[in-house]
Amino acid sequence: MAYFALVPAAGSGARMGGGMPKQYLPLAGRPLIFHALAALAAMVAIDKVFVVLAPDDTEWQRHDWSELGARLEVLRCGGDTRAASVTQGLRAMRRDVAPEDWVLVHDAARACLTVDHVAKLISEAGVDPVGGILAMPLADTLKQASESGDGVARIATTVPRDRLWQAQTPQMFRHGMLLDALEFAPAVTDEASAIEALGLKPRLVAADVTNFKVTYPIDLQLAEVIFASRAATAAANLQEVS
Ligand code: C5P
């Protein structure tokens, strides 16, 4: 049984604003997507990292990806939604991947993913018959807004937060099961929802807040701070060793 990664990167990143798709915005001196690909490519357990691009993507070839090694493969088969991009990617992967192999689907926009996050998911979800996802128990109180005619957001109700988790990625399932699930439930916003639609219960693997999705401009600043802090820690450790 083998592990593969699939990174859908065919979105436009409309909530980020600006003309450039968010996966290519500069972060710590690299295009944003480079960081998640680097964390996945650094895992020896992962045989190959597939990236799904929009068929008309012209930005990818402007950058140098050679540092990520030969296990990176580009699939130009992105669709109109994230689920469509993942489904098309899974179909294209069938050349290399067996139905029982594990696929870790990861958002290009979760740039601060670390090898430790991935290793934890593989060790905990990899022993589960269904698979699982990285997630975080919800700390905040949740409010649902009413539909307001005056353009002002108002609280309609408070949603009890007991047992609520925020779903992150990677989400790890067997290739055959995930493709079947997405073909059965194509209108989902993550892979786990499709698996749930089959009546199965994916495992929740506790991650942390650093694995957030870069969505708004402020998130990019936050990610810069995280990378700067990691670089400072790495430099301090190196000095200690030498
Ligand atoms: O837009 P959002 O941040 O939810 O997108 C999550 C991930 O799905 C991103 O990596 C984005 O590029 C990808 N995506 C895709 N195809 C789409 C829409 C989003 O691959 N049509």
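This structure is a prediction, so every number in the text was calculated from the model and none was measured. Atoms within a ligand are numbered from 1 in the order they appear, just like the ligands themselves.
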Among R82, Q168, Q171, find the residue that satisfies the side-chain hydrogen bond (donor to acceptor under 3.5 Å, both in side chains) test when tested with D190.
Q171
So does Q239 have more than 12 non-hydrogen atoms from other groups sitting under 6.0 Å from CD?
no
Is it true that H35 and F227 have ring centroids separated by less than 6.0 Å?
yes
Among side-chain atoms of D64 and S66, is any donor-acceptor pair under 3.5 angstrom?
yes
Shell of residues surrounding ligand 1, defined by a 4.0 angstrom heavy-atom cut-off that is strict
P8, A9, A10, G11, R15, K22, G79, D80, T81, R82, S85, D107, A108, A109, K213
Do R174 and D101 sit within salt-bridge range, that is, some charged N less than 4.0 Å from a carboxylate O?
no
Does any N or O in the side chain of D180 come within less than 3.5 Å of the main-chain N or O of M177, such that one atom is a donor and the other an acceptor?
no
